[in-house]
2 protein chains.
Amino acid sequence: MQARTHVTLEDVARAAEVSLATASRALNGTAPVRQHLRERVLRAAEELAYTPNAHARALAGATHRTVGVICHDVSDPYFAAVAGGIMRVAGDNGMLVMLASTFREPEREIAYVSMLRAERAAAILLIGSGFEDPDWERALDAELDPYLAGGGRVAVVSRHRSLKVDSVLPENRAGAAAMARSLLDLGHRRFAVLTGSQALTTVSDRFGGFRDELKKAGVRLRPADVVEAPFTRDGGYAAMSELLARGLDATCVFAVTDVMAIGALSALREHGLSVPDDVSVAGFDDIPIVRDLTPPLTTVALPLPQLGERAMELALTENPGRRRRIHRMAGEVVIRSSTRKVSP
Amino acid sequence: MQARTHVTLEDVARAAEVSLATASRALNGTAPVRQHLRERVLRAAEELAYTPNAHARALAGATHRTVGVICHDVSDPYFAAVAGGIMRVAGDNGMLVMLASTFREPEREIAYVSMLRAERAAAILLIGSGFEDPDWERALDAELDPYLAGGGRVAVVSRHRSLKVDSVLPENRAGAAAMARSLLDLGHRRFAVLTGSQALTTVSDRFGGFRDELKKAGVRLRPADVVEAPFTRDGGYAAMSELLARGLDATCVFAVTDVMAIGALSALREHGLSVPDDVSVAGFDDIPIVRDLTPPLTTVALPLPQLGERAMELALTENPGRRRRIHRMAGEVVIRSSTRKVSP
DNA sequence: GCGCTTACTGAAAGCGCATTCAGAATGACT
DNA sequence: AGTCATTCTGAATGCGCTTTCAGTAAGCGC
């Protein structure tokens with residue numbers, strides 16, 4: 001690096017012919033400063049294009065207006081939507097958001113928490129399910145504990161087992177159960193499920209809620225009816241293809257995320273099957289795009305941006321008792337055209 | 001805020017019974033430290049769950065490993081894809097990304113640059129077209145100049161007029177022209193265009209490239225064939241609806257972004273028109289989802305993640321001569337099923 | 001004009017770290 | 001053993017800012 005000679009508060013003070021302390025007070029309004037002095041300071045700052053050094057500021061005790069957000073992948077519409085909500089309220093509160101994508105590598109998650117800790121971020125938000133390996137979750141706890149002890153705020157979205165930390169929890173189980181009921185009401189009795197790793201609470205809740213509701217109605221899900229695949233469009237495509245390859249014996253396919261459902265739709269189309277005439281498809285999340293698919297996807301709608309907004313608000317809000325606050329958000333079944341009454 | 005009593009390097013040094021300086025050197029490996037001392041320091045740091053204070057570090061002269069990214073809206077698939085690329089290379093280089101969404105408000109953009117400047121971010125990346133009002137662009141320059149002077153790095157993606165700063169430029173004009181040629185080759189002669197504000201270079205390049213290429217072929221675009229709307233799905237929907245309301249007299253609709261094309265597709269569908277049988281539709285960008293639409297969208301494919309990657313690389317790369325480096329990236333026409341030969 | 005309160009102002013003390021500089025310890029040679 | 005180069009180590013300084021703390025000047029009543 002080169003000189004990097006920045007304008008400092010001292011330069012401003014000198015130009016305005018006041019002391020450092022007065023300049024600081026004039027700029028921040030932390031204490032009364034006589035009119036003409038204040039003006040001189042403000043003018044000097046303006047002329048010198050002074051920008052306070054956030055590091056010096058944070059070091060000197062002013063609280064740092066930065067929050068960290070960790071998700072799996074911003075380019076996934078689900079995270080993008082949640083992140084959008086977070087950034088909106090962060091922006092409204094004058095906060096800067098540091099966003100990190102782990103690309104589903106636990107090492108990165110830990111590393112990012114550590115960096116965020118080093119940044120003394122005012123809050124850390126973890127979005128989306130954790131990792132399957134309990135060792136990683138423990139390592140995460142170990143990283144988070146001292147942060148919390150040091151006064152840091154942590155909030156998680158859709159991440160169950162996480163320590164005693166503020167949480168925004170979509171009601172995955174109830175939503176999936178409601179979807180199962182809707183599908184049963186349409187007359188479906190033979191189902192297939194496209195799922196992600198069961199080790200993730202989001203998945204096990206959605207899957208469990210769906211399966212249990214079916215069971216209540218006397219409908220069984222055979223192991224062969226359930227395919228596990230990565231949480232991506234291609235994962236959904238692959239899972240659906242596998243199902244198709246072994247001869248699909250279901251009138252309805254439920255994917256635990258919309259993104260997977262999109263892949264499924266594509267596989268079905270390629271296979272010459274019509275949705276919903278030959279088979280119904282339902283998803284979960286209601287990411288914005290699914291409204292515009294053909295056919296528009298039946299899904300469990302989650303208020304994605306609000307998930308992020310609530311989490312950010314929780315993290316920004318004082319929590320005197322240090323109790324774990326949980327904010328549950330219901331999902332709502334939205335029947336669109338990818339599902340239909342089963343033909344008798 | 002409360003106590004926030006953090007473990008400091010001094011604590012570690014004391015626990016390891018060495019001096020501050022030695023502890024620092026052992027932890028950073030900036031100078032040789034005798035084996036047994038180093039081990040003691042490392043162990044102490046481990047036990048105390050020490051995390052260096054990034055602010056103190058940055059203040060003391062170590063370069064700060066943080067980059068700022070400003071876009072219009074992360075939840076837009078275009079920005080999400082570019083941001084994904086940025087975050088990938090940032091992560092690989094141990095950098096933390098601060099992402100800000102302006103929601104298309106110029107005040108926010110300026111405010112964010114200022115905050116990023118205060119954070120002494122190693123680089124600032126501006127993604128997407130600037131604002132229409134030249135005053136804002138000037139204000140932005142004024143904010144950026146001292147940053148550059150102070151050794152900061154700035155890179156922009158798809159933002160023409162911006163000062164002498166490293167740029168990654170998709171070839172909007174050429175891409176649109178190529179698309180026009182493809183469409184002409186399919187026999188189309190009557191076109192409609194869905195556009196954003198012409199004041200944005202991205203838009204005027206795409207629109208201009210398209211229009212000029214048509215003109216070369218002797219095909220005129222009447223003002224009534226061009227509708228301007230916001231850069232969103234709903235903008236595209238509204239623009240298409242307007243066109244439809246006045247009686248669409250075109251065999252092919254070109255939208256300057258895929259996101260707008262998605263809205264257009266929806267409006268067309270609602271209006272009972274079939275794509276591509278009644279009308280062809282083409283977009284620009286090739287955001288991931290358009291492959292899965294029905295029909296899959298014909299579009300100009302831009303390597304979105306690479307746009308971000310290149311920009312980040314430019315910003316991370318030393319630029320001794322301080323010359324403006326421009327990295328152009330070509331778009332490629334991808335014909336899918338939303339366009340067809342015009343029926344005679 | 002004196003004492004007292006109130007309103008500002010400035011000098012100085014850190015915040016936590018990297019780093020310089022001087023000094024101590026070690027080793028290699030004569 | 002004595003000299004000198006080499007390798008480590010620690011005390012001290014400063015990064016830019018906020019914030020005490022100890023004033024100084026102004027305002028007021030008498």
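Lettering follows sequence order; numbering is per chain, from 1. Computed over heavy atoms, backbone and side chain alike; hydrogens, waters and symmetry mates excluded.
- Regarding A:Asn28, its CG atom lies at a distance of 13 Å from the C1' atom of D:dG16, rounded to whole Å.
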Intermediate values then yes/no, side-chain contact (heavy atoms from CB on, under 4.5 Å), B:Leu96 and A:Glu119: CA-CA 10 Å; B:Leu96 217 38; A:Glu119 294 288 337; 3.8 Å; yes
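- Look at NE2 on A:His6: it is 16 Å from C1' on D:dG14, rounded to the nearest Å.
- A cation-pi contact, defined as under 6.0 Å to the ring centre and within 45° of the axis, is absent between A:Arg108 and A:Phe103.
- Closest to the side chain of B:Ser24, from the set C:dT9, D:dT9, C:dA18, is C:dA18.
- Note on B:Arg88 versus B:Glu309: no salt bridge recorded, every NZ/NE/NH1/NH2 to OD/OE distance being 4.0 Å or above.
- Between C:dA18, D:dG16, C:dG10, one nucleotide has an atom nearer to the side chain of B:Ala60 than all others, and that is C:dA18.
- When the side-chain nitrogen and oxygen atoms of A:Arg34 are compared with OP1 and OP2 of C:dC8, none of them lie within a distance under 4.0 Å.
- Residue-to-nucleotide contacts include a donor-acceptor pair under 3.5 Å from the side chain of B:Arg25 to the base of D:dG10.
- Atom P of nucleotide D:dT9 and atom CD of B:Gln35 are separated by 11 Å, given to the nearest angstrom.
- Between A:Gly61 and A:Pro32, the residue whose closest nucleotide on DNA chain C is further toward the 5' end is A:Pro32.
- Exactly one residue among B:Arg324, B:His327, B:Arg159 makes a side-chain hydrogen bond (donor to acceptor under 3.5 Å, both in side chains) with B:Ser167. That residue is B:Arg324.
- With the nearest nucleotide of DNA chain D identified for both B:Ala21 and B:Ala56, B:Ala21 has the one nearer the 5' end.
- Look at CZ on A:Arg57: it is 13 Å from C1' on D:dT19, rounded to the nearest Å.
- In this structure, of C:dG10, C:dC17, C:dG16, it is C:dG10 that holds the atom nearest to the side chain of A:Val18.
- Taking atom CZ of A:Arg120 as the reference point, atom C1' of C:dC15 lies 11 Å away to the nearest angstrom.
- Among the atoms of the strands shown, only primed sugar atoms or phosphate atoms (P, OP1, OP2) are found under 4.0 Å from some heavy atom of A:Thr8.
- A 4.5 Å side-chain heavy-atom check between A:Leu314 and A:Leu125 finds every atom pair outside the cut-off.
- Taking atom CG on B:Leu20 and atom C1' on D:dT13, their separation rounds to 12 Å, with Å as the unit.
- Rounded to an integer number of Å, the gap from CG of A:Leu27 to P of D:dG16 is 16 Å.
- Here the P atom of nucleotide C:dG16 and the CG atom of A:Leu59 are 7 Å apart, to the nearest Å.
- Residues B:Thr30 and B:His55 each lie close to DNA chain C; by heavy-atom proximity, the contact nearer the 5' end of the strand is made by B:His55.
- Listed pair A:Ser19 / C:dA11 fails the phosphate criterion, with no side-chain N or O lying under 4.0 Å from OP1 or OP2.
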